[in-house]
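For reference, the structure discussed in these notes is given below.
Throughout, residue positions are numbered sequentially from 1 according to the sequence presented. Everything quoted here is computed from the prediction, not taken from an experiment.
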Amino acid sequence: MAEITALAYPEDSARVLDLCQRANDYVRLETGKDPDSNYVRENMTDAPPNVSPDHVWCWGHSAADKSLDAVATCLKGFYAPNEWYLGLLLVAKSARNTGLGKRMTQHVIDQARSDAATCLRIAVLDSNPKARNFWHRLNFAHEKSTTGGDGQLRHVHRLPL
């Protein structure tokens, strides 16, 4: 079984871009355009002002051919110092419905717990009902709904740890 490993920017950015291109349906839903190197950089490095850049963490799961078939990016210390935020969970179309999304999420949960985090949050696009159902099945509860700078309605879900 392949392992989930830490990814670094810019060393792994080409592999992440390749995955984003193979999961472009989500990227288009989120951004309205095809993924590019800026999308990868933002997801692997960007943090709000209250989060240190070294608290942006990224993990990937490699397929048999060494390409990535899933990636998860997280912010440690967002919304509060002892809370985590899962900014992106992206699974290649060919690896969906295999349990990989759940495995990646469990990896993030395990990492957050080992860091003594009290909760994990995610924000799900209103236009992505399959994702909302996925998070609900993993016991994430709706906390609030908000419209971001891009105008899209998102539902913030929270899992106590």
Side-chain angles (χ1 to χ4, degrees), residues 1-13 15-16 19-20 23 26-27 29-31 35 38-62 68-92 95-96 98-161:
M1 183 182 313
E3 290 191 34
I4 297 168
T5 58
L7 301 176
Y9 185 86
E11 296 85 354
D12 295 302
S13 60
R15 294 175 69 210
V16 174
L19 170 62
C20 290
Y26 173 77
V27 178
L29 183 66
E30 180 190 13
T31 68
N38 287 330
Y39 180 82
V40 170
R41 180 189 45 75
E42 289 169 6
N43 277 284
M44 292 184 75
T45 65
D46 281 4
N50 65 323
V51 175
S52 170
D54 64 343
H55 286 173
V56 180
W57 294 350
C58 186
W59 293 282
H61 184 274
S62 296
L68 291 174
D69 54 7
V71 68
T73 62
C74 299
L75 299 174
K76 173 186 173 181
F78 184 72
Y79 299 144
N82 60 341
E83 298 177 349
W84 278 38
Y85 178 80
L86 177 54
L88 178 68
L89 174 64
L90 190 63
V91 179
R96 292 179 188 163
T98 66
L100 183 55
K102 185 176 179 180
R103 282 189 55 219
M104 292 294 292
T105 302
Q106 188 59 56
H107 179 80
V108 171
I109 291 168
D110 293 345
Q111 296 295 316
R113 283 184 174 145
S114 72
D115 188 54
T118 58
C119 75
L120 176 64
R121 285 189 178 87
I122 51 98
V124 186
L125 293 170
D126 184 66
S127 56
N128 194 351
K130 286 183 179 181
R132 289 197 321 268
N133 289 334
F134 171 80
W135 295 110
H136 178 74
R137 286 191 310 272
L138 295 180
N139 297 316
F140 282 75
H142 182 267
E143 185 174 64
K144 66 180 180 177
S145 297
T146 185
T147 303
D150 61 4
Q152 290 201 64
L153 178 62
R154 287 176 171 80
H155 304 287
V156 177
H157 292 13
R158 181 179 187 273
L159 178 71
L161 298 177

* Asked: Will you find, in the side chains of Asn38 and Glu42, an N or O donor that is under 3.5 Å from an N or O acceptor?
  ->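 Distance-only check fails for Asn38 and Glu42.
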* Strictly by modelled atom types, are Arg15 and Ser62 linked by a side-chain donor-acceptor pair under 3.5 Å? ->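 Short answer, yes.
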Would you say that [X] contacts [Y] through its side chain, given a criterion of any heavy-atom pair below 4.5 Å between the two side chains?
X      : Y      : answer
Ile122 : Arg158 : no
Val16  : Met44  : yes
Asn128 : Lys130 : yes
Leu138 : Gln106 : no
Tyr85  : Cys74  : no

* So, the side chain of Asp12 versus the backbone of Ala8: is there a donor-acceptor pair under 3.5 Å, distance only? ->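 At least one qualifying donor-acceptor pair exists.
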* Test item: Ser13 side-chain N/O and Tyr9 main-chain N/O as donor-acceptor pair under 3.5 Å ->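 No, the answer is negative, given that no donor and acceptor are paired below the 3.5 Å cut-off.
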Rounded distance (nearest 0.5 Å) linking atom [atom1] of [X] with atom [atom2] of [Y]:
X      : Y      : atom1 : atom2 : result
Phe140 : Cys119 : CZ    : SG    : 9.5 Å
Glu143 : Tyr79  : CD    : OH    : 6.5 Å
Arg154 : Ser145 : CZ    : OG    : 12.0 Å
Leu100 : Leu89  : CG    : CG    : 8.0 Å
Tyr39  : Cys20  : OH    : SG    : 5.5 Å
Thr73  : Leu7   : OG1   : CG    : 10.0 Å

* Output all residues satisfying side-chain contact (heavy atoms from CB on, under 4.5 Å) with Ala141, sequence neighbours left out; order by chain, then residue number. =>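 Here no residue qualifies.
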* Residues forming a ring pair (Phe, Tyr, Trp, His ring centres under 6.0 Å) with Phe134, sequence neighbours excluded ->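 Residues passing ring pair (Phe, Tyr, Trp, His ring centres under 6.0 Å) with Phe134: none at all.
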* Asked: Once the angle between the rings of Trp59 and Trp84 is folded into 0 to 90°, is it parallel (under 30°), tilted (30 to 60°) or perpendicular (over 60°)?
  ->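 Taking Trp84 first and then Trp59, their aromatic rings lie parallel (interplane angle under 30°).
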* Going through the checks in order, is the side-chain contact (heavy atoms from CB on, under 4.5 Å) test met by Val91 and His61? -> CA-CA 9 Å; Val91 179; His61 184 274; over 6 Å; no
Which heavy atom in [X] sits nearest to a heavy atom in [Y], and how many Å separate them?
X      : Y      : answer
Val124 : Ala131 : CG1-CB, 3.7 Å
Ala70  : Leu19  : C-CD2, 3.6 Å
Val156 : Thr146 : CG2-CG2, 4.2 Å
Leu161 : Ala117 : CB-O, 3.6 Å

* **Sidechain N-carboxylate O distance under 4.0 Å for Lys76, Asp54** =>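 Asp54 and Lys76: not salt-bridged.
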* **side-chain contact (heavy atoms from CB on, under 4.5 Å) between Leu159 and His157, intermediate numbers included** => CA-CA 7 Å; Leu159 178 71; His157 292 13; over 6 Å; no
* Evaluate the side-chain contact (heavy atoms from CB on, under 4.5 Å) criterion for residues His155 and Trp135: first the C-alpha distance (whole Å), next the side-chain angles of each, then the deciding distance (0.1 Å), finally the verdict. => CA-CA 11 Å; His155 304 287; Trp135 295 110; over 6 Å; no
* Might you confirm whether atom NE2 of His142 has over 12 heavy atoms from other residues, nucleotides or ligands at distances under 6.0 Å? =>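 Enclosed: over 12 neighbouring heavy atoms sit under 6.0 Å from NE2 of His142.
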* Under the side-chain contact (heavy atoms from CB on, under 4.5 Å) rule, what do Gln152 and Ser127 come out as? Steps first, then yes or no, please. => CA-CA 8 Å; Gln152 290 201 64; Ser127 56; 3.8 Å; yes
